[in-house]
Amino acid sequence: MTFFTGGPRERPLFPVPEQELFAFNGRHWTDVPRESIVPAVLPLTQQLGRSDRTVIALRAAEVWPEAVTLRITVYSRDSLTDEPGEGLIDHRRKTDYNALLIGVLFADGSRASSETISVPSAAQPEGPVLRAQAIGGTRFAVEHEVFLWPLPPAGPLKLVVQWLDRGIPETLTTLDGGAIHAAAKDAGEIWPGLGKRQAQGLPVRRVGRSVAISPDWGPAVVAEDPLPNE
């Protein structure tokens, strides 16, 4: 007797070509290697801010080799939003200081917050990067992932929240930056020795919506898509 009783199903007549996973070659200050690393999880559950009808809570910290993602959920007794997927922390435009804000202060004095417009940088930034995005929930409990790069140094990591529209003043919570940094060693690499992605051995250049592959980075030009006639 087996637990799973169903037999194998037939394979599709026209199978989708298999894709191969390559080593992470992204910028560590813009993303984390989700496909090849299992992060260390610290259960840092605690309240970050509170009013009569709203609570901002830290649920956990996921620690990656070079960054940390904070799992933050906002709870409310009344409806927070009709679209939980859009989130409550919006730093894609000019700051609304009555809205939900979040920031961090490292032990060395460097800081980052949702006051700044979130635009991924091609070059490595000089200071910390904080970027918040919604990851789901309901209209009464909206979940966020707050990406923070680099890993904090040893010493206090101060996490600050504010939401004036909801009656939550600037509230500071101190975390152990050293413990977060040390946990990075426990992030597990799933596929050691993955190869790097190659573009047929040639560099790839993108111009407009066209892609050119050439043996060098010289001045060769690929025309933009033509503009429509006026």
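Side-chain atoms are counted along with the backbone in the values below, which use heavy atoms only and exclude waters and symmetry mates. Position 1 is the first residue of the sequence; numbering continues from there. Note that this is a predicted model, so its numbers are computed, not measured.
- Other residues, nucleotides and ligands place no more than 12 heavy atoms under 6.0 Å from the CZ atom of Arg50.
- Residues Ser79 and Phe140 come closest through the heavy atom pair N-CE2, 3.5 Å.
- Arg131 has its side chain within reach of His91: a pair of non-hydrogen atoms, C-beta onward, lies under 4.5 Å apart.
- Checked by atom type, the side-chain pair Arg59/Thr73 shows a donor-acceptor distance below 3.5 Å.
- No more than 12 heavy atoms of other residues, nucleotides or ligands lie within 6.0 Å of CD in Glu170, so this atom counts as exposed by the packing criterion.
- In this structure, Asp78 places its CG atom where more than 12 heavy-atom neighbours from other residues, nucleotides or ligands lie under 6.0 Å away.
- Annotation: the span from Arg111 atom CZ to Leu130 atom CG amounts to 11.5 Å, rounded to 0.5 Å.
- Contact record, Ala107 with Ala154: CB-O, 3.4 Å, taken as the closest heavy-atom pair.
- Contact annotation: the side chain of Pro39 never approaches that of Thr69 to less than 4.5 Å [non-hydrogen atoms, C-beta and beyond].
- Counted within 6.0 Å of CD on Gln47, heavy atoms from surrounding residues, nucleotides or ligands total more than 12; the atom is thus considered enclosed.
- Of the N and O atoms on the side chains of Thr95 and Glu115, not one donor lies less than 3.5 Å from an acceptor on the other residue.
- Side-chain atoms of Thr171 never come within 3.5 Å of backbone atoms of Gly49 as a donor-acceptor pair (strictly under, hydrogens ignored).
- In this structure, the separation between CD on Gln133 and CD on Glu143 is 12.5 Å, given to the nearest 0.5 Å.
- Considering all non-hydrogen atoms of both residues, Ile37 and Trp64 come closest at O-CZ3, 3.4 Å.
- A pairwise comparison of heavy atoms in Trp29 and Ala122 identifies CZ2-O, 3.4 Å as the closest pair.
- Between the side chain of Ser76 and the backbone N or O of Arg53 there is at least one donor-acceptor pair closer than 3.5 Å.
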